[in-house]
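Here's the structure we're looking at; comments come further down.
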Amino acid sequence: MNKTNQQSLSLDALRAGDRAEYARLVENYYQFVYRLALKMLGNPQDAEDILQDTFIKVFRHLDTFDGRSNLSTWIYRIAVNEALMFLRKKQPELVSIDQPVETDEGEQDPVQIVDWCCLPENELMSSEAKAHLDQAMSSLPPGLRAVFILRDIQGLSTRETSEVLNISEMAVKTRLSRARLRLRELLTEYFGERLVERKSPS
Amino acid sequence: MSHEQCRYLLGSLSEYIDGTLEESLCHAIEQHLAGCDNCRVVIDTLRKTVSLYHDEAQRETASEEVHQRLLKRLNLDDFIS
C-alpha cells in the first residue's frame, strides 16, 4: 500500500535526524495511523492523541528499527500497540495483546438470516447506519477489531497483518473470520429491522 | 443455520469470500450453496458487511487541523504548507 512512498524515504537520513525526511515520513503515514486509531478507539479526540503519541515514539525509537521488517510494518505496530495500551487503561478487563486465539469450535452460528443487501445505498450509508457500524465495531474484542481494521479497512494482506500484530497468518485468518461473522450478525439485527419497517405499511 | 453442513462451512466463509480457500473446500461450498438459500444470504450479507465498513472508513480522513497540530507537536511546524 505504501511501498512506493516508502522507497522514497531514506533510513540513513531519518537516523541522522534529517527534519525534512521526518516531515516526509509523517506525510506518508499520518492518514493511515489516524484512521487505524479512529477505528480502534471510535473517537476523534482519542485518535488524535494516539496519532501524536505514535509519531513521537517512532522518532524516539528510530535508532532501534533494525530494517528487518518494512518501515510501514514497524510504524503500524507502534500505532496498534499505542491504541491497545490506551484501551487497556480504559477497560483493563477487556484488553490483552496476547489474547488466546479462539478456535472454530467456539464460533457462534449466525442466527439471523435476513437478506438486507437490497436496501438502498442511502439507507445503508445513512448517519444512523454509520453509528450502528461504529457501535458494532466497538463491541468487538480489541484483538479481533485490530485484525478486521488492518485487513478489511486498511487493506493490508494476511501476511502484513500477521507481521504488524506479531501473530501467525492462521491466527489472522481465524480472527478475521470471527470478526466478520460477528459484525455481520450485528448489522443484520439492525438492517433487518430497517427492512421490516420498509415493508410494513405505516 | 441448524443444518449440519452449514455449521461446518461457516468457519470457511471468510476465506471463501476472499477467494483464498483451498479448491476442494471451495467446491464443497459452491455445491452446498446451490441448494441452501440461507447460506447464500449469509455470504451475501458477509460480503456487504465488509464492503460497508471499507467504504464508510475511506470517507474518514484526518482534517488539515489534525495534520497541523501533529506537525506542531513534533516540532515540524516549518513544514506546514
Side-chain angles (χ1 to χ4, degrees), chain A residues 19-20 22-24 26-27 30-31 33-35 37-39 44 47-48 51-53 55-56 59 103-105 107-117 119 124-125 129-130 133-134 136-137 148-149 151-155 158 173-174 176-181 183-188 191, chain B residues 1-22 25 29 36-81:
Chain A
R19 295 178 67 259
Y22 276 17
R24 285 172 65 203
V26 172
E27 294 314 302
Y30 83 96
Q31 286 292 5
V33 171
Y34 179 78
R35 188 178 291 145
L38 184 62
K39 294 286 117 185
E48 185 169 352
L51 172 72
Q52 296 185 354
D53 292 348
F55 281 100
I56 287 169
F59 291 152
T103 59
D104 283 352
E105 281 76 42
E107 205 109 42
Q108 271 266 302
D109 278 2
V111 282
Q112 315 261 355
I113 308 287
V114 182
D115 192 355
W116 46 267
C117 294
L119 278 168
L124 291 169
M125 301 285 272
K130 185 194 173 313
L133 258 68
D134 289 346
M137 175 83 91
F148 181 80
I149 292 167
R151 283 282 289 113
D152 283 343
I153 290 180
Q154 304 286 51
T158 301
K173 287 180 183 177
T174 308
L176 183 64
S177 171
R178 295 184 62 79
R180 283 171 168 178
L181 288 169
L183 291 173
R184 188 208 76 89
E185 200 60 35
L186 293 167
L187 293 201
T188 298
F191 287 124
Chain B
M1 269 290 147
S2 55
H3 209 261
E4 190 80 10
Q5 207 180 357
C6 304
R7 189 186 301 256
Y8 171 73
L9 293 176
L10 191 64
S12 306
L13 295 187
S14 174
E15 280 194 74
Y16 175 76
I17 65 168
D18 285 338
T20 56
L21 196 62
E22 63 170 284
L25 259 175
I29 286 186
C36 183
D37 287 343
N38 282 357
C39 278
R40 264 208 305 274
V41 169
V42 173
I43 287 191
D44 288 345
T45 48
L46 193 62
R47 276 204 184 100
K48 195 72 185 174
T49 297
V50 172
S51 72
L52 273 183
Y53 272 103
H54 181 267
D55 295 349
E56 185 261 315
Q58 304 317 306
R59 300 192 294 187
E60 294 183 290
T61 52
S63 66
E64 189 46 36
E65 288 75 28
V66 168
H67 178 215
Q68 291 189 6
R69 283 196 293 269
L70 172 64
L71 290 172
K72 276 185 194 145
R73 179 85 195 276
L74 299 168
N75 296 320
L76 294 169
D77 319 39
D78 42 328
F79 293 95
I80 295 174
S81 48

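Every chain is numbered from 1, with letters handed out A, B, ... down the list of sequences. From a predicted model like this one, the values you see are computed outputs, not experimental measurements. Because only heavy atoms are used, hydrogens play no part in the values below, and waters and symmetry mates are left out as well, while side chains stay in.
- The parts of A:L183 that come within reach of chain B are both its backbone and its side chain, each placing non-hydrogen atoms under 4.5 angstrom from that chain.
- For the pair A:C117/B:T45, a side-chain contact is recorded, criterion being any heavy-atom separation below 4.5 Å from C-beta on.
- Counting only N and O atoms by type, the side chains of A:E27 and B:H67 include a donor and acceptor under 3.5 Å apart.
- Of the atoms belonging to A:L176, heavy atoms from both backbone and side chain fall under 4.5 Å from chain B.
- Of the residues considered (B:L46, B:L71, B:D55), B:L46 shows the highest number of contacts with chain A, using heavy-atom pairs under 4.5 Å.
- A:R180 has its side chain within reach of B:I17: a pair of non-hydrogen atoms, C-beta onward, lies under 4.5 Å apart.
- Of the residues considered (B:E56, B:K48, B:H54, B:R59), B:E56 shows the highest number of contacts with chain A, using heavy-atom pairs under 4.5 Å.
- Both the backbone and the side chain of A:A136 come within contact range of chain B, judged by heavy atoms closer than 4.5 Å.
- Only the side chain of A:Q31 comes within contact range of chain B, with heavy atoms under 4.5 Å apart.
- The choice from A:E48, A:R151, A:M137 that makes the most heavy-atom pairs within less than 4.5 Å of chain B is A:E48.
- In summary, the side chains of A:R35 and B:Q58 do present a donor paired with an acceptor at a separation below 3.5 Å, with no hydrogens or angles considered.
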CA sep, side-chain torsions, deciding dist, call: B:E60, A:K130, salt bridge (charged side-chain N to carboxylate O under 4.0 Å, His left out):
CA-CA 11 Å; B:E60 294 183 290; A:K130 185 194 173 313; 3.3 Å; yes
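- The side chain to side chain contact (heavy atoms under 4.5 Å, CB included) check on A:R19 picks up B:L76, B:D78, B:F79, with sequence neighbours excluded.
- Of the two parts of B:R69, the backbone and the side chain both hold a non-hydrogen atom closer than 4.5 Å to a non-hydrogen atom of chain A.
- Contact annotation for A:A129: neither backbone nor side-chain heavy atoms come within less than 4.5 Å of a heavy atom of chain B.
- For A:V114, the part lying near chain B is the backbone, with the side chain staying farther off; criterion is any non-hydrogen pair under 4.5 Å.
- A:T188 and A:W116 are linked by a side-chain donor-acceptor pair at a separation below 3.5 angstrom, with hydrogens and angles left out of the test.
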